[in-house]
Amino acid sequence: MKAKLWGGRFAGGLDPAFESFNRSLPFDHRLVQQDLTGSIAWAEALGAAGVLTAGERQKLSKALRALAQELAADPAPLHESDAEDVHSFVEAALRDRVGDLAKKLHTGRSRNDQVATDLKLWLRDAVADLDTGLHALMAALVALAHRYAELPMPGYTHLQRGQPITVGHHALAYVEMLARDRARLEDAAARMDTCPLGSGALAGTAFEIDRKALAGALDFAAATRNSLDAVSDRDHVCEVVFACSMVMVHLSRLAEDWIFFATFEAGFLQFGDAVATGSSLMPQKKNPDAMELLRGKTGRVAGSLQGLLMVLKGLPLAYDKDLQEDKEALFDAVDTTNACLRVAAVAVQHAEFTERCRTAAGRGYLNATDVADLLVAAGVPFRDAHERTGTAVRRAIEHGVEIEELPAEQLAELLPELGSDLRQQLAVETVLRRRRVVGGTAPQRVRAEVKAWQNKLTKQSNR
Ligand code: ARG
């Protein structure tokens, strides 16, 4: 029978089926560096509390640091070990190095406050990685918006063409979403900035640990204030996975927009060869697989969030083994989101919008709102203007032309208030230029927004 951290009370061994069912090392090995960092801080705290002598403290710290370096260079021992979890692994590895002294490190500590601390340390790095990925994708979208600040395309509501927009404006819509995602992660990181170590199994440690100093040593803003909450709180895991889910929802909306733009029917966009694939049967095909996978993986990340919430629902205080189920969901959600952010950035860098965007934006009565607005400017109440423009659209449809292409006598009859420069007034470029209000689609406005984003993103990457 393998040595367990809790063997004393037990006479018999584990059933092999339960043994592997119970193990978390196959996935929580990813917390090893965090576990070592936390253990070093705990050794220091025990030293300061007089539980360990200065010599013992130093010896433990030194061995833990060496272990951290060795495992960073070669993690093989982690994968070869049959330890129950990462905490047992570290203790066993420490025992190989410092013998019985290793047995003193767990004084006043539980795997419950240990794993809660490890997870928060891991999340701190995860949030930083996600932020880097979001920053890079935003930069790619801003570059795209810069390139296509003036290119008109049809804007849609209900997937029906509504008014012309610029391609740059469409790209910047996603930049806004991703900026909110970054803010959400930053907010979650600030809220999780409390250190659970010293909470013990559930009631708080019985040793004179300076928890404030311990929290500081691990770069937390403060110590947690309630041990029961501290060992069972996984709000931060949910918050980060929710933030990931929201990122994925945004990526999947971008994917869906672009998949549509790239259809033969729309023909607005061509994906680069770097992110498209062919068909094994149909030689002419170029498929938007990258976008489809972004869309598909959204379900997977949102599923992790749902899974986590269900694990926590109805969980009694304080720690329960159910909480071990938090890790795979979290790791998968973060890994998937990071990978999706990287691929999305590549797709954006390789996307080419076509001249068909311009042609499509110039036809199909997308300037009808502007006809009504011009009537309003000539003193017609908007409701009447709307009605009369509708009639003009109907007439134009009958003639198979655009409103501004109606024969002069028809225009004189239907829209007498409007001048002879109607073609110029209703040209797509003019229509776009009018929308220079803050938040509008005018090229001038898009260029200003691009500049503002470029400044913000440069500042953030210099942080
Ligand atoms: N592997 C466990 C987890 O991930 C560590 C904590 C175990 N604690 C316990 N009392 N069994 O939650």
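Side chains are part of it too, since the values below use all heavy atoms of this structure and drop only hydrogens, waters and symmetry mates.
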Engineer: Do the side chains of Leu374 and Leu426 get nearer than 4.5 Å, heavy atoms only?
Structural biologist: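 In contact.
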Engineer: So which heavy atom on Ala372 is nearest to which on Ala385, and how close?
Structural biologist: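 In terms of heavy atoms, the two residues are closest at O-CB, 3.6 Å.
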Engineer: What's the shortest heavy-atom distance between Pro164 and Val428, and which atoms?
Structural biologist: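 Looking at all heavy atoms of both residues, the closest pair is CB-CG2, 3.6 Å.
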Engineer: Are Ser24 and Glu84 packed together at the side-chain level, in the sense that at least one heavy-atom pair is separated by less than 4.5 angstrom?
Structural biologist: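 No, every pair of side-chain atoms sits at 4.5 Å or beyond.
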Engineer: For Thr369, check side chain to side chain donor-acceptor pair (under 3.5 Å) against everything at least two apart and list the hits.
Structural biologist: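 Applying side chain to side chain donor-acceptor pair (under 3.5 Å) to Thr369 gives Gln163.
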Engineer: For residues Tyr148 and Glu352, determine if any side-chain heavy atom of one lies less than 4.5 Å from a side-chain heavy atom of the other.
Structural biologist: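 In contact.
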Engineer: Check this for me, if you would: do Arg234 and Glu239 make a salt bridge, where the nitrogen-to-carboxylate-oxygen distance has to be below 4.0 angstrom?
Structural biologist: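 Between Glu239 and Arg234 there is no salt bridge, as every charged N stays at least 4.0 Å from the carboxylate O atoms.
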Engineer: Taking the side chain as everything from C-beta on, heavy atoms only, tell me whether Thr194 gets closer than 4.5 Å to Phe220.
Structural biologist: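 They are not in side-chain contact.
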Engineer: Can a side-chain donor-acceptor contact be found between Thr277 and Asn287 if the only test is distance below 3.5 angstrom?
Structural biologist: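 Checked: Asn287/Thr277 side chains show no N/O donor-acceptor pair below 3.5 Å.
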Engineer: Closer than 4.0 angstrom, basic N to acidic O: yes or no for Asp181 and Arg184?
Structural biologist: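 A salt bridge is present here (some side-chain N lies under 4.0 Å from a carboxylate O).
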Engineer: Any side-chain to backbone donor/acceptor pair from Asp28 onto Leu31? Under 3.5 Å, distance only.
Structural biologist: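 It does not hold such a pair.
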Engineer: Less than 3.5 Å apart, any donor N or O on the side chain of Ser39 or Arg109 sitting next to an acceptor on the other?
Structural biologist: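 Judged by distance alone, the side chains do pair up.
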Engineer: Okay, side chain of Asn226, backbone of Leu228: is any donor-acceptor separation there less than 3.5 Å?
Structural biologist: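 Yes, because the side chain of Asn226 sits within donor-acceptor range (under 3.5 Å) of the backbone of Leu228.
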Engineer: With a 4.0 Å cut-off on N to O distance, would you call Asp257 and Arg253 a salt bridge?
Structural biologist: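 Looking at Asp257 and Arg253, the cut-off is not met.
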Engineer: At their closest point, which heavy atom of Ala145 faces which heavy atom of Val446, and how far apart are they?
Structural biologist: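 Nearest heavy atoms, Ala145 then Val446: O-CG1, 4.2 Å.
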Engineer: Look at the side chain of Thr224 and the backbone N and O of Cys195, then say whether any donor-acceptor pair between them is shorter than 3.5 Å.
Structural biologist: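 Checking the backbone N and O of Cys195 against the side chain of Thr224, a donor-acceptor pair under 3.5 Å is found.
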Engineer: Under a 3.5 Å distance rule, please check whether Arg147 uses its side chain to pair with a backbone N or O of Ala143 as donor and acceptor.
Structural biologist: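 Checking the backbone N and O of Ala143 against the side chain of Arg147, no donor-acceptor pair under 3.5 Å is found.
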Engineer: Would the distance check show the side chain of Thr298 and the main-chain N or O of Leu294 forming a donor-acceptor pair, the cut-off being under 3.5 Å?
Structural biologist: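 Yes; at least one donor-acceptor contact below 3.5 Å.
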Engineer: Is the shortest heavy-atom distance from the side chain of Glu417 to the side chain of Arg388 under 4.5 Å?
Structural biologist: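 A side-chain contact under 4.5 Å exists here.
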Engineer: Could you report the tightest heavy-atom contact between Thr354 and Leu151, atom names first, then the distance?
Structural biologist: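 Distance-wise, the nearest heavy atoms are O-CD2, 3.9 Å.
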Engineer: One pair to check against salt bridge (charged side-chain N to carboxylate O under 4.0 Å, His left out): Lys297 and Glu292. What are the steps and the verdict?
Structural biologist: CA-CA 9 Å; Lys297 284 179 190 290; Glu292 290 166 332; over 6 Å; no
Engineer: Quick one: list whatever passes side chain to side chain donor-acceptor pair (under 3.5 Å) with Glu409, sequence neighbours left out.
Structural biologist: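 In terms of side chain to side chain donor-acceptor pair (under 3.5 Å), with neighbours along the sequence ignored, Glu409 is linked to no residue.
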Engineer: Could you walk me through whether Val334 and Trp122 pass the side chain to side chain contact (heavy atoms under 4.5 Å, CB included) test, one step at a time?
Structural biologist: CA-CA 11 Å; Val334 169; Trp122 190 88; 4.0 Å; yes
Engineer: Verify the neighbour count for atom CZ of Arg436: are there more than 12 heavy atoms of other residues, nucleotides or ligands below 6.0 Å?
Structural biologist: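 No.
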Engineer: Taking all non-hydrogen atoms of both residues into account, name the closest pair between Val167 and Cys357 and its distance.
Structural biologist: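 For Val167 versus Cys357, the nearest heavy atoms are CG2-SG, 4.4 Å.
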Engineer: Under a 4.5 Å cut-off applied to non-hydrogen side-chain atoms, are Arg182 and Glu186 in contact?
Structural biologist: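 No; the side chains remain at least 4.5 Å from each other.
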Engineer: When you measure from the side chain of Asp113 to the backbone of Gly198, do you find a donor-acceptor pair of N or O atoms at a distance under 3.5 Å?
Structural biologist: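 Looks like yes, one N/O pair under 3.5 Å.
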Engineer: For Glu429, does the CD atom sit with more than 12 other heavy atoms under 6.0 Å from it, leaving out its own atoms?
Structural biologist: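 Above 12, so yes.
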Engineer: Are Arg358 and Glu355 ion-paired here, with the side-chain N under 4.0 Å from a carboxylate O?
Structural biologist: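 Yes.
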Engineer: Would you mind reporting whether Leu457 and His135 have side-chain heavy atoms less than 4.5 Å apart?
Structural biologist: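 They are in contact (side-chain heavy atoms under 4.5 Å apart), so the answer is yes.
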Engineer: Could you tell me whether the side chains of Arg395 and Gln410 share a donor-acceptor contact shorter than 3.5 Å?
Structural biologist: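 The criterion, which ignores hydrogens and geometry beyond distance, is satisfied for Gln410 and Arg395.
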Engineer: Among all residues two or more places apart in sequence or in another chain, which pass the side chain to side chain donor-acceptor pair (under 3.5 Å) test with Asn338?
Structural biologist: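 Per chain and number, Asn338 pairs via side chain to side chain donor-acceptor pair (under 3.5 Å) with no residue.
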Engineer: So does Thr166 get a backbone contact from the side chain of His170, meaning a donor-acceptor N/O pair under 3.5 Å?
Structural biologist: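 No, His170 side chain to Thr166 backbone: no donor-acceptor pair under 3.5 Å.
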Engineer: Please say whether the positively charged group of Arg30, taken as NZ for Lys or CZ for Arg, lies over the ring of Phe331, i.e. under 6.0 angstrom from the six-membered ring centre and within 45 degrees of the axis.
Structural biologist: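 Yes; both conditions hold, so Arg30 lies above the ring face of Phe331.
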Engineer: Examine distances only and state if a side-chain atom of Ser227 and a backbone atom of Leu202 form a donor-acceptor pair shorter than 3.5 Å.
Structural biologist: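 Yes; at least one donor-acceptor contact below 3.5 Å.
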Engineer: Please work out which of the three classes, parallel, tilted or perpendicular, describes the rings of Tyr156 and Phe260, given edges at 30° and 60°.
Structural biologist: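 Judged by the thresholds at 30° and 60°, the geometry between Phe260 and Tyr156 is perpendicular.
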Engineer: Report, one line per pair, each donor and acceptor closer than 3.5 Å where one atom sits in a side chain of residues 70-79; sequence neighbours left out.
Structural biologist:
{"unit_1": "Glu70", "atom_1": "OE1", "unit_2": "Arg97", "atom_2": "NH2", "d": "2.3"}
{"unit_1": "Asp74", "atom_1": "OD1", "unit_2": "Ala76", "atom_2": "N", "d": "3.0"}

Engineer: Any Lys/Arg nitrogen of Glu402 or Arg423 sitting under 4.0 Å from an Asp/Glu carboxylate oxygen of the other?
Structural biologist: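 Judged by the 4.0 Å cut-off on N to carboxylate O distance, Glu402 and Arg423 do not form a salt bridge.
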Engineer: Any side-chain donor paired with an acceptor under 3.5 Å for Gln34 and Arg124?
Structural biologist: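 There is no such pair between these side chains.
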Engineer: Is any NZ, NE, NH1 or NH2 atom of the basic residue among Asp85 and Arg111 found under 4.0 Å from an Asp or Glu carboxylate oxygen of the other?
Structural biologist: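 Here Asp85 pairs with Arg111 in a salt bridge, since their nearest N and O are under 4.0 Å apart.
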Engineer: Check the side chains of Asn367 and Glu404 for a donor-acceptor pair under 3.5 angstrom, ignoring hydrogens and angles.
Structural biologist: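 Per modelled atom types, Glu404 and Asn367 side chains form a pair under 3.5 Å.
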Engineer: Are the side chain of Gln324 and the backbone of Asn22 linked by a donor-acceptor contact shorter than 3.5 Å?
Structural biologist: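 Yes: the side chain of Gln324 pairs with the backbone of Asn22.
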Engineer: Is Ile403 close to Tyr365 at the side-chain level, that is, under 4.5 Å between some pair of heavy atoms?
Structural biologist: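 Heavy-atom side-chain distance check passes, below 4.5 Å.
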Engineer: Under 4.0 Å between a side-chain nitrogen and a carboxylate oxygen: does that hold for Lys286 and Asp273?
Structural biologist: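 Salt bridge: yes.
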Engineer: Indicate the ring-plane relationship of Phe21 and Phe18, choosing parallel, tilted or perpendicular according to the 30° and 60° boundaries.
Structural biologist: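 Phe21 vs Phe18 ring planes: tilted.
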Engineer: Who passes side chain to side chain donor-acceptor pair (under 3.5 Å) against Asp421, sequence neighbours left out?
Structural biologist: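 Partners of Asp421 by the side chain to side chain donor-acceptor pair (under 3.5 Å) criterion, ordered by chain and then number, come out as Gln425.
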Engineer: So among Thr337, Thr336, Val343, which one has a side-chain contact (heavy atoms from CB on, under 4.5 Å) with Cys340?
Structural biologist: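 By the side-chain contact (heavy atoms from CB on, under 4.5 Å) criterion, Cys340 pairs with just one of Thr337, Thr336, Val343: Thr336.
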Engineer: For Leu218 versus Leu197, what's the shortest heavy-atom pair and its separation?
Structural biologist: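 It is CD1-CD2, 4.2 Å.
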Engineer: Please determine whether the number of non-hydrogen atoms from other residues, nucleotides or ligands lying under 6.0 Å from atom CD of Gln69 exceeds 12.
Structural biologist: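 No, the 6.0 Å shell around CD holds no more than 12 heavy atoms from other groups.
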Engineer: Tabulate below the donor-acceptor pairs under 3.5 Å that side-chain atoms of residues 306-313 make, not counting sequence neighbours, or state none.
Structural biologist:
none

Engineer: Are any side-chain N or O atoms of His350 and backbone N or O atoms of Val346, one a donor and one an acceptor, separated by less than 3.5 Å?
Structural biologist: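 Side chain of His350 to backbone of Val346: a pair is present.
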